[in-house]
Structures are given as structure tokens and as C-alpha cells.
S.K.: 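Structure in C-alpha cells, see below.
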Amino acid sequence: MRVTLKLATSLDGRIATATGESQWITGEAARLEGHRLRAAHDAILVGVETVLHDDPELTARLPGRPVDQPLRVVLDSRLRTPPTARVAKGDSLFLTVVEPAPVGAAVVERVAADHGRPSVGACLSALKRRGVSSVLIEGGGQVAASFLRAGVVERLEWFRAPILLGGEGRPCVAALALARLADAPRFRRLAVEPCGDDLWERYERVHD
């Protein structure tokens, strides 16, 4: 399965202020490219914290043309998403580690746990069973870190805005628990280009 991590951050790699404000760090051009990336994947995946803070719709919206909507996937360990959340309407899948319970109109599936959170391998297996061959991960930092630690992220699509949020801002990638530089995930830059006032960097994973 092709796993892509999309990041929209400040120059210092923050996805929100300390209070959680994140809309909008990047500009309109970057957000449009983000919708194109969504449309190019079978599924969009976020963690429950993103849903609780931003209440995203997680749809692909492109001006002037219809889009085959990707499957919307939420990792929600304890099913904290309210049934009124926009992502709980229509075609969406919630992966949890507790006994399944209704969340709006979404499908809820229990998967194997890894330290109290849905296991990355179990999540990808659940998506494969639904015919998903490509997934775009959109956050937050804990989800990004878990997929990076599992070594399954093949591409990075990084939109960087010309602002600084400082050390108190929320990082785009949470702890990776690295003891040595040699253990760090490594990527090769494929392209870098302006995107409105922002910078769009594209990377692919370097395999040993």
C-alpha cells in the first residue's frame, strides 16, 4: 500500500499554536494542492485529536469538476468522536481498540492495539480489506509519528508557511523515541517549489 504523509506547518515544523489554533497556517494555493492530493488517494486518515480540534470534513473539493471521494478514516482509540462531527456523516471508517459503538453514520471497526492505540499494521490491513491501495495521512503529530516509527511512510508532501510558531507550538511529528541518528527515518527530496506564499517540498523514503 502506498502511504503518504501530508504536512502543513510553519517554518519551524509546527501544525498549531499551543492553544490548538491551526486554521489556516498555509495559504489558499497550498490548500488547493492538498485537495488534489486527497483526490489522488483512495483514503484520507487522521487521528481523533484532529477531529476534536478542527471538525474537518475530509473531503476532496476541486473547483469545476466532480471528485470520486476517498474513504475517510479516523483512528479513535476510545471512540471520543461526537456523532455530530462532520466526518461521522456518510462514507467514513472509524478504527478503535474498544468495543465498537455507533458514531453517526460511520462504520466502526475494532482492530488490534499497540500501547493502547490502533496498531499501524492492523489499520493498514483493515484498509486493504476495503480495497484501499493508497492512503494520505493528514495528522496529527501522534498519528504521523506512529506511521513513521512503523516504517510504512513512503512519501512526504510538506507545505511550509513563512511563519514561526515557536517551541510551544504543536509539532507536526510527535516523539519517535530515537536513540541514534542512524535510526532516524531518511528521505530524499524529489522537488521543491513555491506554492503561493508557501513552500511545497516533496520527499520519498530512502531504504537501506
Side-chain angles (χ1 to χ4, degrees), residues 1-17 20-47 49-50 53-54 56-73 124 127 132-174 176 178 181 184-208:
M1 181 179 298
R2 176 166 54 96
V3 179
T4 301
L5 173 60
K6 193 206 92 175
L7 302 168
T9 76
S10 60
L11 285 175
D12 50 349
R14 305 295 170 177
I15 56 174
T17 64
E21 184 182 357
S22 62
Q23 297 179 337
W24 298 99
I25 288 178
T26 53
E28 187 174 341
R31 294 199 297 275
L32 177 58
E33 293 300 337
H35 280 283
R36 290 195 175 113
L37 286 170
R38 286 180 176 182
H41 288 78
D42 295 333
I44 307 165
L45 185 148
V46 299
E49 294 295 341
T50 297
H53 282 292
D54 299 338
E57 201 169 4
L58 295 183
T59 54
R61 301 183 294 279
L62 296 176
R65 70 178 181 90
V67 176
D68 290 333
Q69 292 298 325
L71 175 66
R72 299 173 300 166
V73 184
L124 294 181
L127 295 183
V132 171
S133 62
S134 62
V135 58
L136 182 69
I137 300 169
E138 291 201 0
Q142 290 286 353
V143 173
S146 65
F147 278 77
L148 286 166
R149 285 196 303 268
V152 298
V153 175
E154 292 295 329
R155 297 286 292 263
L156 295 180
E157 302 280 353
W158 196 329
F159 298 91
R160 207 186 299 257
I163 59 172
L164 296 167
L165 296 182
E168 69 274 24
R170 298 186 179 183
C172 63
V173 177
L176 293 178
L178 298 173
L181 276 175
R186 294 190 178 273
F187 292 84
R188 177 185 299 107
R189 185 186 293 119
L190 299 176
V192 56
E193 61 184 275
C195 189
D197 290 334
D198 305 319
L199 200 63
W200 181 11
E201 299 169 77
R202 312 182 75 179
Y203 297 85
E204 69 176 2
R205 181 72 181 265
V206 175
H207 293 280
D208 296 332

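These figures come from a predicted structure and were not determined experimentally.
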S.K.: Is there side-chain contact between V73 and V132, with heavy atoms separated by less than 4.5 Å?
M.R.: no
S.K.: Any idea which heavy atoms bring A145 and L176 closest together, and the distance?
M.R.: O-CD2, 3.7 Å
S.K.: Within 45 degrees of the ring normal and closer than 6.0 Å to the centroid, is that where the cationic atom of R205 sits relative to F187?
M.R.: yes
S.K.: Work out which heavy atom in A29 is nearest to a heavy atom in G196; give both atom names and the distance.
M.R.: CB-N, 3.8 Å
S.K.: When you look at CG of L181, are more than 12 heavy atoms from neighbouring residues, nucleotides or ligands closer to it than 6.0 Å?
M.R.: no
S.K.: Tell me whether R31 contacts the main-chain N or O of T26 through its side chain, where contact means a donor paired with an acceptor under 3.5 Å.
M.R.: yes
S.K.: Could you pull out the closest heavy-atom pair between L58 and E138, with the gap in Å?
M.R.: CD2-OE1, 4.2 Å
S.K.: Under a 3.5 Å distance rule, please check whether R38 uses its side chain to pair with a backbone N or O of T59 as donor and acceptor.
M.R.: yes
S.K.: V143 versus V46: any side-chain heavy-atom pair under 4.5 Å?
M.R.: no
S.K.: Measuring from L165:CG to R170:CZ, what's the distance to the nearest 0.5 Å?
M.R.: 11.5 Å
S.K.: Does E204 offer a backbone N or O that forms a donor-acceptor pair with the side chain of E154 under 3.5 Å?
M.R.: no
S.K.: From H41 NE2 over to L71 CG, what is the distance, rounded to the nearest 0.5 angstrom?
M.R.: 13.5 Å
S.K.: Could you check L156 against E201 for side-chain contact (heavy atoms from CB on, under 4.5 Å), going step by step and ending with a plain yes or no?
M.R.: CA-CA 8 Å; L156 295 180; E201 299 169 77; over 6 Å; no
S.K.: So, do R160 and S10 sit near enough that their side-chain heavy atoms are less than 4.5 Å apart?
M.R.: no
S.K.: Looking only at non-hydrogen atoms, find the nearest pair between V3 and V152 and report the distance.
M.R.: CB-O, 3.3 Å
S.K.: Please name the pair of heavy atoms, one in A16 and one in I25, separated by the smallest distance, quoted to 0.1 Å.
M.R.: N-CD1, 3.8 Å
S.K.: Less than 4.5 Å apart, side chain to side chain, heavy atoms only: is that true for P162 and D198?
M.R.: yes
S.K.: What do you reckon, is CD of E28 surrounded by more than 12 foreign heavy atoms closer than 6.0 Å?
M.R.: no
S.K.: NZ of K6 to CD1 of I137: how many Å apart, nearest 0.5 Å?
M.R.: 12.5 Å
S.K.: Could you tell me whether the side chain of F147 reaches within less than 4.5 Å of the side chain of L124, counting heavy atoms only?
M.R.: yes
S.K.: Counting distance only, does the side-chain N/O of D12 pair as donor-acceptor with the main-chain N or O of G166 below 3.5 Å?
M.R.: yes
S.K.: Between S134 (side chain) and D42 (backbone), is there a donor-acceptor pair under 3.5 Å?
M.R.: yes
S.K.: Counting only N and O atoms by type, is there a donor-acceptor contact under 3.5 Å from the side chain of T4 to the main-chain atoms of R155?
M.R.: no
S.K.: Could you list the residues that satisfy ring pair (Phe, Tyr, Trp, His ring centres under 6.0 Å) with W200, not counting sequence neighbours?
M.R.: F159
S.K.: Identify the heavy atoms of I15 and G141 that sit nearest to each other, and give their distance.
M.R.: CD1-N, 4.0 Å
